[in-house]
Amino acid sequence: MTATQFPIEQVLETLERELAKFTLPLIDQMGEVSKTPFRILIATILSLRTKDTLTAVVAPRLFAVADTPAAMLELGEERIAELIYPVGFYRVKARQIVAICRILLEQYNGEVPSDLDELLKLPGVGRKTANLVVTAGFGLPGICVDIHVHRICNRWGYVQTRTPEETEMALRAKLPQQYWIPINRLLVTLGQNICHPTSPKCSICPIRDVCPRIGVTRSR
DNA sequence: AAAACGGGGGC
DNA sequence: GCCCCAGTTTT
């Protein structure tokens with residue numbers, strides 16, 4: 001179709017090799033033992049519109065006190081709000097956590113469902129959160145598109161989309177499935193450390209040789 | 001399509 | 001002081 005297709009596979013493999021040099025996303029910061037579906041679900045709720053370095057400090061405080069839906073309900077909305085206060089949106093998030101845990105206990109036997117459509121029924125869970133639980137929590141195929149994945153894929157010209165949901169669908173159609181799970185982790189890492197919305201640090205970018213927008217500082 | 005939720009950190 | 005942050009829901 002196009003004369004020069006963006007070399008997405010080469011780029012993602014390069015990023016995979018360079019990953020160790022960068023600050024990693026929230027789920028990786030929380031450590032291997034924290035990668036249970038329930039912790040990923042709750043931590044992702046806490047992380048909405050919040051820096052993940054802050055969430056990575058606050059979330060473990062909550063998990064130390066309550067690590068299951070039943071324990072969360074026992075803790076109660078007020079106490080949850082106090083514990084998560086620094087992440088912001090604490091009232092909304094505490095209310096959503098309680099509502100989610102109630103549903104998990106009443107309808108899912110206290111377990112987090114692995115099905116995307118079931119996850120999307122939970123209050124406060126949109127496509128980004130649901131797909132992160134599917135991929136990072138269960139290791140199942142899915143594409144988690146946050147603002148970094150959306151921005152960078154469009155910056156590269158790999159997709160031309162207006163919303164993260166459109167980007168997710170475009171990637172499902174054209175990105176080889178072996179990259180579905182790692183693309184989020186790779187592009188969030190790149191987006192946080194180098195490929196910023198404004199003033200990206202192209203001079204130290206590991207894929208500068210093949211990026212079509214090298215030196216272009218405006219967001220898209 | 002736009003507002004609203006919100007404290008913490010960077011500049 | 002001003003702006004942004006691994007979004008989602010409501011108007």
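Just the heavy atoms: all of them, side chains too, but no hydrogens, waters or symmetry mates, feed the values below. Numbers restart at 1 for each chain; the letters A, B, ... are given by sequence-line order, proteins then strands.
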Where the side chain of [X] is concerned, which of [options] is the nearest nucleotide?
| X | options | result |
| --- | --- | --- |
| A/I27 | B/dG6, C/dT9, C/dA6 | C/dA6 |
| A/K51 | B/dG7, C/dG7, C/dC5 | C/dC5 |
| A/P197 | C/dC5, C/dA6, B/dG7 | C/dC5 |
| A/L48 | C/dT8, B/dG6, C/dA6 | C/dT8 |
| A/L132 | C/dA6, B/dG6, C/dT9 | C/dA6 |
| A/V92 | C/dA6, B/dA1, B/dG6 | B/dG6 |

A/R185 near the nucleic acid: base, sugar-phosphate alone, or nothing, with a heavy-atom cut-off under 4.0 Å?
-> nothing

Which part of the nucleic acid does A/V125 contact within heavy-atom distance under 4.0 Å: base, sugar-phosphate only, or nothing?
-> sugar-phosphate

Can a side chain N or O of [X] be found less than 4.0 Å away from OP1 or OP2 on [N]?
| X | N | value |
| --- | --- | --- |
| A/R49 | C/dC4 | no |
| A/Q192 | C/dA6 | yes |
| A/T129 | C/dT8 | yes |

Integer-rounded Å distance: [N] [atom2] and [X] [atom1]:
| X | N | atom1 | atom2 | value |
| --- | --- | --- | --- | --- |
| A/H196 | C/dC5 | NE2 | P | 10 Å |
| A/L83 | B/dG7 | CG | P | 17 Å |
| A/E168 | C/dA6 | CD | C1' | 14 Å |
| A/K93 | B/dG8 | NZ | C1' | 11 Å |
| A/I45 | B/dC5 | CD1 | C1' | 14 Å |
| A/Y90 | B/dG8 | OH | P | 9 Å |
| A/M30 | C/dA6 | CE | P | 15 Å |
| A/L46 | B/dG7 | CG | C1' | 13 Å |

Indicate yes or no for a side-chain donor-acceptor contact from A/W156 to the backbone of A/C211 under 3.5 Å, with no hydrogens or angles considered.
-> no

For A/K93 and A/A81, indicate whether the former's side chain and the latter's backbone hold a donor-acceptor pair under 3.5 Å.
-> no

Residue whose closest nucleotide on DNA chain C lies nearer the 5' end, A/G124 versus A/N184 = A/N184

Nearest-nucleotide check on DNA chain C, A/L122 vs A/D52; residue mapping nearer the 5' end is A/D52

If you measure from the Lys or Arg side-chain nitrogens to the Asp or Glu carboxylate oxygens, is any gap between A/R172 and A/E168 under 4.0 Å?
-> yes

Salt-bridge present (A/E16, A/R185; N to O < 4.0 Å) | yes

Return yes if the base of B/dG6 and the side-chain atoms of A/T50 contain a donor-acceptor N/O pair under 3.5 Å, otherwise no.
-> yes

[atom1] gap between [N] and [M], integer Å:
| N | M | atom1 | answer |
| --- | --- | --- | --- |
| B/dA3 | C/dC4 | P | 14 Å |
| B/dG6 | C/dC2 | C1' | 15 Å |
| C/dA6 | B/dG10 | P | 13 Å |

Is there a side-chain contact between A/S47 and A/K128, using heavy atoms and a 4.5 Å cut-off?
-> yes

Verify the distance criterion only: is there a donor paired with an acceptor across the side chains of A/Y108 and A/E118 at less than 3.5 Å?
-> yes

